[in-house]
Undergrad: 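Input: one structure, supplied below.
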4 protein chains.
Amino acid sequence: MNKVVLIGRLTKDPELKYTPGSGTAVTTITLAVDRRFSKDNQREADFIPVVIWGKSAESTAQYMSKGKLMSVAGRIQTRSYEAKDGGRRYVTEVVAEEVKFLEWGNKTQGQNGGFAGNDEPGYGASFDDMTPIDDGDIPF
Amino acid sequence: MNKVVLIGRLTKDPELKYTPGSGTAVTTITLAVDRRFSKDNQREADFIPVVIWGKSAESTAQYMSKGKLMSVAGRIQTRSYEAKDGGRRYVTEVVAEEVKFLEWGNKTQGQNGGFAGNDEPGYGASFDDMTPIDDGDIPF
Amino acid sequence: MNKVVLIGRLTKDPELKYTPGSGTAVTTITLAVDRRFSKDNQREADFIPVVIWGKSAESTAQYMSKGKLMSVAGRIQTRSYEAKDGGRRYVTEVVAEEVKFLEWGNKTQGQNGGFAGNDEPGYGASFDDMTPIDDGDIPF
Amino acid sequence: MNKVVLIGRLTKDPELKYTPGSGTAVTTITLAVDRRFSKDNQREADFIPVVIWGKSAESTAQYMSKGKLMSVAGRIQTRSYEAKDGGRRYVTEVVAEEVKFLEWGNKTQGQNGGFAGNDEPGYGASFDDMTPIDDGDIPF
DNA sequence: TTTT
DNA sequence: TTTT
């Protein structure tokens with residue numbers, strides 16, 4: 001059992017890539033998720049790396065941008081890679097199985113859109129056809 | 001919103017520490033969580049670091065050992081620290097808010113126990129009095 | 001372990017009540033949660049009863065209204081009561097432990113508000129000081 | 001978003017049925033899930049109805065029995081039906097998407113088994129090939 | 001650096 | 001109608 005649910009805001013615009021092998025779409029984003037209690041009273045957040053595969057990777061790149069709010073359901077994945085200094089680095093990230101856009105708007109379309117569906121702010125959308133075709137590694 | 005649920009096995013015996021400041025108990029474990037689908041058909045797992053605070057940290061150290069099965073509900077936390085080579089390292093880990101022991105047995109008690117409650121194998125136990133008194137940093 | 005996360009829209013305006021005993025605030029709402037796959041392709045939803053206690057009950061009554069989007073984290077609770085026909089009825093509902101408002105606006109304030117914070121649509125807000133002071137039964 | 005995770009014990013032996021239409025396997029169980037805090041200090045539980053479809057329905061019927069511990073990940077579903085007295089009844093239940101057996105043993109096999117895998121008590125097993133082929137209604 |  |  002390995003279940004995660006997050007609601008948070010993109011720390012940057014998503015960047016869409018494709019695996020060298022099969023050309024599967026993949027987007028890696030970081031979600032800023034507000035913490036409920038903070039030591040002092042200043043706003044605090046966790047910055048959680050999220051990998052999105054397939055059609056949802058493309059939707060995220062198309063409809064989301066820096067600062068927008070979205071939810072992710074998925075699982076935690078760990079992997080390691082060799083760093084440039086020769087040392088091994090261990091990565092813990094969330095792999096999305098379901099995403100929902102809670103605010104819309106891509107930078108290239110202006111702050112608030114220019115596409116159908118945007119008239120209903122916060123309407124939300126689900127993309128879940130996301131069988132992680134884990135055929136290659138993340139290309140970055 | 002930041003919610004995680006895991007069921008997995010300890011990769012090593014838990015090691016209990018106390019924060020230098022307030023002496024709060026803290027245990028860091030790694031859970032091996034089986035993946036549902038693997039590329040080929042060999043067994044695969046994610047190795048997820050989990051931090052447990054307070055009374056639950058002590059219970060985990062007391063009742064759990066390498067290989068035992070437990071569940072954790074909590075949240076994902078990110079932090080960074082300065083590595084010995086001067087570079088910044090980013091850590092993503094789970095902070096437990098609720099733990100449940102699905103198998104019992106501490107190494108020092110033999111494989112299958114030697115304490116009350118062990119007669120009922122797999123009975124389970126919850127420890128949830130785990131207000132993360134985040135008063136210092138993790139002492140390691 | 002008993003964990004639930006929902007994102008959905010209120011099917012009606014929330015109605016705030018107080019327990020006869022200790023006067024604890026309580027709101028019961030129904031969330032319409034879209035299903036991901038439907039038999040045919042028409043929109044389908046589950047209508048999930050949610051009980052909210054304490055300060056969050058008051059916040060929900062104040063800031064939410066029919067059609068607004070919110071998230072709830074909590075647990076499933078079952079209870080039974082005697083129906084008017086003498087038969088026993090069994091109720092399964094969600095008890096909120098954390099709520100987040102993903103869209104704002106109370107009916108009495110017009111569709112889009114009239115209170116601070118509304119300028120940032122979809123900004124979101126968390127209320128989690130929700131120790132369920134389960135001192136009486138739900139007064140309805 | 002509609003996510004549920006439960007760990008609990010079967011209140012009765014599971015009973016396997018097949019839909020009249022396509023003959024899909026389906027099992028309905030009730031899980032007794034311990035509450036974390038109770039008013040007084042007596043043990044309390046929620047009794048949560050869970051519907052399991054497909055191959056997992058068959059596995060549950062085969063390997064689980066009254067009192068055994070299992071985990072379920074899934075979603076909350078609501079439906080209504082006409083009662084014998086003509087009134088409408090509303091049902092809220094969990095539909096399993098993933099099940100894991102935390103204790104083994106089918107009644108017909110004796111308390112502790114008689115099948116391979118049972119030698120390793122609490123080893124656990126996942127069944128997740130559970131595309132809910134929602135082709136008919138639950139046949140009971 | 002990994003568990004059954 | 002409930003489990004350990």
Side-chain angles (χ1 to χ4, degrees), chain A residues 1-2 78-82 87-92, chain B residues 6-15 28-35 38 42-50 64-72 100-105 107 111 116-126 140, chain C residues 1-2 78-82 87-92, chain D residues 6-15 28-35 38 42-50 64-72 100-105 107 111 116-126 140:
Chain A
M1 178 94 37
N2 183 338
T78 55
R79 58 188 172 90
S80 68
Y81 64 93
E82 178 146 354
R88 195 125 216 101
R89 295 289 185 281
Y90 296 87
V91 177
T92 301
Chain B
L6 304 174
I7 299 179
R9 296 181 182 281
L10 306 229
T11 61
K12 319 200 197 90
D13 290 341
E15 205 188 340
T28 301
I29 59 173
T30 297
L31 283 185
V33 179
D34 284 347
R35 280 190 197 163
S38 55
Q42 68 194 15
R43 204 67 159 296
E44 255 180 304
D46 291 289
F47 298 94
I48 302 174
V50 177
M64 291 285 97
S65 60
K66 181 178 174 176
K68 295 303 177 210
L69 190 71
M70 67 182 289
S71 68
V72 169
K100 193 176 165 73
F101 304 153
L102 301 170
E103 284 176 27
W104 296 77
K107 207 176 66 186
Q111 254 314 89
N118 195 48
D119 307 347
E120 304 178 89
Y123 181 85
S126 285
F140 42 97
Chain C
M1 179 94 36
N2 182 338
T78 55
R79 57 187 172 91
S80 69
Y81 64 93
E82 178 147 353
R88 195 124 216 102
R89 295 289 185 282
Y90 296 88
V91 177
T92 302
Chain D
L6 304 174
I7 298 179
R9 295 181 181 282
L10 306 230
T11 62
K12 319 199 196 93
D13 290 340
E15 205 187 339
T28 301
I29 60 173
T30 297
L31 282 185
V33 179
D34 284 347
R35 280 191 197 162
S38 55
Q42 67 195 16
R43 204 66 160 294
E44 254 180 304
D46 291 289
F47 298 94
I48 302 174
V50 177
M64 291 285 98
S65 59
K66 180 179 175 174
K68 294 304 176 210
L69 190 70
M70 67 182 289
S71 69
V72 170
K100 194 175 165 73
F101 304 153
L102 301 171
E103 284 176 26
W104 296 77
K107 206 176 66 185
Q111 253 315 89
N118 195 49
D119 306 347
E120 304 179 88
Y123 180 84
S126 286
F140 43 95

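Here the structure is a predicted model, which means the values were calculated and not measured. Letters A, B, ... are given to chains in the order of the sequence lines, protein chains preceding strands, and every chain is numbered from 1.
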Undergrad: Please report the C-alpha distance between B:F101 and B:M64 in whole Å, then the side-chain angles of each, then the deciding distance to 0.1 Å, and finally whether the side chain to side chain contact (heavy atoms under 4.5 Å, CB included) criterion is met.
TA: CA-CA 8 Å; B:F101 304 153; B:M64 291 285 97; 3.6 Å; yes
Undergrad: Go through F:dT3, E:dT1, E:dT3 for me and flag the one nearest to the B:K66 side chain.
TA: E:dT3
Undergrad: Figure out the CZ/C1' separation between B:F101 and F:dT4, and round it to whole Å.
TA: 17 Å
Undergrad: Looking only at the side chain of D:T30 (C-beta and beyond, no hydrogens), which of the listed nucleotides F:dT3, F:dT2, E:dT1 gets closest?
TA: F:dT2
Undergrad: List for me each residue that meets side-chain contact (heavy atoms from CB on, under 4.5 Å) alongside D:T30, sequence neighbours excluded, and say none if there are none.
TA: D:T11, D:F47
Undergrad: Please give, in whole Å, the distance from E:dT2 P to B:L69 CG?
TA: 20 Å
Undergrad: Can you figure out which of F:dT2, E:dT4, F:dT4 approaches the side chain of D:T11 most closely?
TA: F:dT2
Undergrad: I need the CE-P distance between D:M70 and F:dT2, as an integer number of Å.
TA: 21 Å
Undergrad: Check for a donor-acceptor pair, side chain of B:D46 on one end and backbone N or O of A:T78 on the other, with a separation under 3.5 Å.
TA: yes
Undergrad: Distance check needed: F:dT1 C1' versus D:E15 CD, whole Å only.
TA: 14 Å
Undergrad: Atom CH2 of B:W104 to atom P of E:dT4: distance rounded to whole Å?
TA: 19 Å
Undergrad: Determine, stepwise, if the pair D:M70 / D:L10 fulfils side chain to side chain contact (heavy atoms under 4.5 Å, CB included).
TA: CA-CA 8 Å; D:M70 67 182 289; D:L10 306 230; 3.4 Å; yes
Undergrad: Rounded to whole angstroms, how far apart are CD on B:E103 and C1' on E:dT4?
TA: 8 Å
Undergrad: Among E:dT1, E:dT3, F:dT2, which nucleotide sits nearest the side chain of B:A45?
TA: E:dT3
Undergrad: E:dT2 C1' sits how many Å from B:I48 CD1, rounded?
TA: 12 Å
Undergrad: Of the nucleotides F:dT2, E:dT4, E:dT2, which one has an atom closest to the side chain of B:F47?
TA: E:dT2
Undergrad: In this structure, how many angstroms lie between the P atom of F:dT1 and the NZ atom of D:K12, rounded?
TA: 12 Å
Undergrad: Quick one: does A:N2's side chain get under 4.5 Å of B:I7's, heavy atoms only?
TA: no
Undergrad: B:A32 has a side chain; which of E:dT3, E:dT1, F:dT3 sits nearest to it?
TA: E:dT3
